[in-house]
Amino acid sequence: MRRFRWWWGALALTFVVVLVGLIAFTGPESRPGQPSPRQGPPGTGPLTVVSLGDSTVSGEGAGNYTPTTNGQGGNWCHRSPNAFVEQVKIPDVTARVNLACSGAPSEQIALGEAKQWTEPSQAQQLANLIKDHRVAAVVIAIGANDEPKFSAQVSECFKAWFSPQNPPCSEALRKTWKSKVDAMVPKVTNAVADVKKVLAQAGYVPADYQLVLMSYASPVGPQIPETLRSLNGCPFRTEDLEWMRRDGVSVLSDGLKQASRATTARFLDLSRAGAGREACSSDPANEWFSRLTLQLSDLGQVDRASHALQESFHPNANGHAQIANCLNEFLAARGGNASCLSGADGKLHAAPEVVAR
């Protein structure tokens, strides 16, 4: 009887040892009835970062535009290999795709029939892309071409410089700017929501990718030397540039941050990114934004003449390199909001947002 109890005890001990060994070997992921953890974005193809939006993203001002987006067939999206998305570095990411188009409103980023320079919806282009790409991050900058019509306002301020007897352009903008931005917010929200919808329909869950909404930097600062306040540089009145930096860009940024909250996108604030490095602020080699730029060769061609000034007052190649540096740090953090600010080393860095407790 005593030997019988010993035999059962040995058998029980052996069973426990084998069970522990199986658990240690297979791990908790392999237990029956439990799904295996996701291994990144679904689908097949290279791990990819994608940019959507307008001229700030496409590379307008950075030069060397791809032939198919430099007027060919009426396409003036002006995508540049110098655009910041081409310089994004994320572990394991091997592909970078720029779908942004100069002048694009939020409607063209959203799903629908809206086109910009012959190109269809950017969200629909994303839907086609993810058939053979695995998207790790989507970076979006839109809104300036909706009600705020930022480029048009810059043009109005440019005209005001020619007519010093008339009020500055900022006088009228002070009264309407906030309402214009308020009208923009739901359009940006809808476009970002459509981007999320496209990814969800392809089987993505929020943990599979990073969704980033960016704001805009002020391209010109108020401290312009008088020698550059001309057609050779930045023909603007001081009071207009002060309004642009102090109120215009910050109110626009606040509106975009509101859209980011509504869509649970991470927000990257560029409103102070160009401080001290705006167009006409120093030597051109040290500036991050293009000055008044006229492509003289385009003036002799009817189909190109109206685009001869298109590159003016946008981030240049140096500016895009700095934005890429900030964005790389932001994506590496994988959470929270941040602002792109110049550091002691003269480069743009992602300063995390401090949330009040």
Side-chain angles (χ1 to χ4, degrees), residues 40-41 43 45-66 69 77-102 104 109 122-123 125-126 129-130 132-142 192 195-196 198-199 204 206-217 256 260 265-270 273-274 277 288-289 314-343 345 347-353:
L47 204 58
T48 306
V49 59
V50 183
S51 61
L52 309 174
D54 53 30
S55 56
T56 296
V57 192
S58 70
E60 186 75 78
N64 195 26
Y65 310 110
T66 59
T69 65
C77 286
H78 268 184
R79 294 195 191 99
S80 170
N82 298 319
F84 66 75
V85 68
E86 303 291 351
Q87 304 172 65
V88 168
K89 297 177 182 178
I90 307 175
D92 300 322
V93 165
T94 59
R96 297 154 190 83
V97 178
N98 188 358
L99 299 177
C101 184
S102 186
I109 283 75
Q122 291 181 33
Q125 292 182 57
L126 175 64
L129 178 74
I130 56 182
D132 52 13
H133 287 70
R134 299 167 64 236
V135 174
V138 179
V139 183
I140 307 172
I142 51 175
V192 177
V195 170
K196 294 177 65 177
V198 163
L199 291 164
Y204 284 69
D208 290 330
Y209 66 101
Q210 295 194 60
L211 179 64
V212 178
L213 181 62
M214 299 170 59
S215 64
Y216 299 85
L256 290 167
S260 76
R266 297 180 66 199
F267 183 64
L268 185 59
D269 184 2
L270 270 70
R277 297 296 191 113
W288 295 345
F289 297 83
H314 286 86
N316 57 25
N318 289 335
H320 275 271
Q322 293 300 324
I323 293 171
N325 188 68
C326 177
L327 182 59
N328 280 327
E329 293 181 0
F330 184 64
L331 293 172
R334 298 197 64 82
N337 299 332
S339 297
C340 288
L341 300 174
S342 183
D345 58 358
K347 297 180 180 180
L348 272 188
H349 296 281
E353 179 183 63

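No hydrogens, no waters, no symmetry mates; every other heavy atom, side chains included, goes into these values. Owing to the predicted nature of the structure, the values given are computational and were not obtained by experimental measurement.
Taken to the nearest 0.5 Å, the CG atom of Leu268 stands 9.5 Å off from the CG atom of Leu213. Note that the OG atom of Ser260 and the CE atom of Met214 stand 13.0 Å from one another [nearest 0.5 Å]. Of the inter-residue distances, the one linking Phe330 atom CZ with Ile323 atom CD1 reads 13.5 Å to the nearest 0.5 angstrom. Atom OG1 in Thr48 sits 6.0 Å away from atom CG in Leu129 (nearest 0.5 Å).
Checked by atom type and distance alone, the side chain of Arg79 never pairs as donor or acceptor with a backbone atom of Thr69 at under 3.5 Å. Between the side chain of Tyr204 and the backbone N or O of Val135 there is at least one donor-acceptor pair closer than 3.5 Å. Ser339 places no side-chain N or O within donor-acceptor distance of the main-chain N or O of Ala351, the cut-off being under 3.5 Å. Counting only distance, with no hydrogens or angles, the side chain of Arg266 and the backbone of Gly336 share a donor-acceptor pair below 3.5 Å. A donor-acceptor pair is defined here as one N or O able to donate and one able to accept, closer than 3.5 Å; such a pair exists between the side chain of Gln210 and the backbone of Leu331. In this structure, Arg134 contributes its side chain and Pro41 its backbone to a donor-acceptor pair below 3.5 Å.
Contact check for Val139 versus Val57: no side-chain heavy atoms found under the 4.5 Å cut-off. A 4.5 Å side-chain heavy-atom check between Leu256 and Tyr216 finds at least one atom pair inside the cut-off. Residues Ser102 and Ser58 have side chains in contact (heavy-atom distance under 4.5 Å, counting atoms from C-beta outward). Contact annotation: the side chain of Leu270 approaches that of Cys340 to within less than 4.5 Å [non-hydrogen atoms, C-beta and beyond]. You'll find the side chain of Asn325 reaches within 4.5 Å of the side chain of His349, heavy atoms only. A heavy-atom distance below 4.5 Å is not found between the side chains of Leu211 and Leu199. Side-chain contact between Leu126 and Val97 is absent, with no heavy atoms from C-beta onward closer than 4.5 Å. Side-chain contact between Pro46 and His133: present, with at least one pair of heavy atoms (C-beta onward) separated by less than 4.5 Å.
Residues passing the side chain to side chain donor-acceptor pair (under 3.5 Å) test with Thr56: none are found, sequence neighbours excluded.
In terms of heavy atoms, Leu47 sits closest to Ala136 at CG-CB, 3.9 Å. Across all their heavy atoms, Phe267 and Ser215 have their closest contact at CZ-CB, 3.8 Å. Of all heavy-atom pairs between Ala350 and Cys326, the closest is CB-O, 3.6 Å. Pairing each heavy atom of Tyr65 with each of Ser80, the nearest pair is CD2-CB, 3.9 Å. Listed here is the closest heavy atom pair of Ala100 and Leu52: CB-C, 4.0 Å. Looking at every heavy atom in both residues, Ala273 comes nearest to Trp288 through O-CZ3, 3.4 Å.
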Practice prompt. List the steps, then state whether side-chain contact (heavy atoms from CB on, under 4.5 Å) holds for His78 with Ser55.
Written response: CA-CA 8 Å; His78 268 184; Ser55 56; over 6 Å; no
Pairs of donor and acceptor atoms involving the side chains of residues 81-93, under 3.5 Å and at least two apart or interchain, shall be tabulated with distances.
from	atom 1	to	atom 2	distance (Å)
Asn82	ND2	Ala62	O	2.9
Gln87	NE2	Asn82	O	2.9

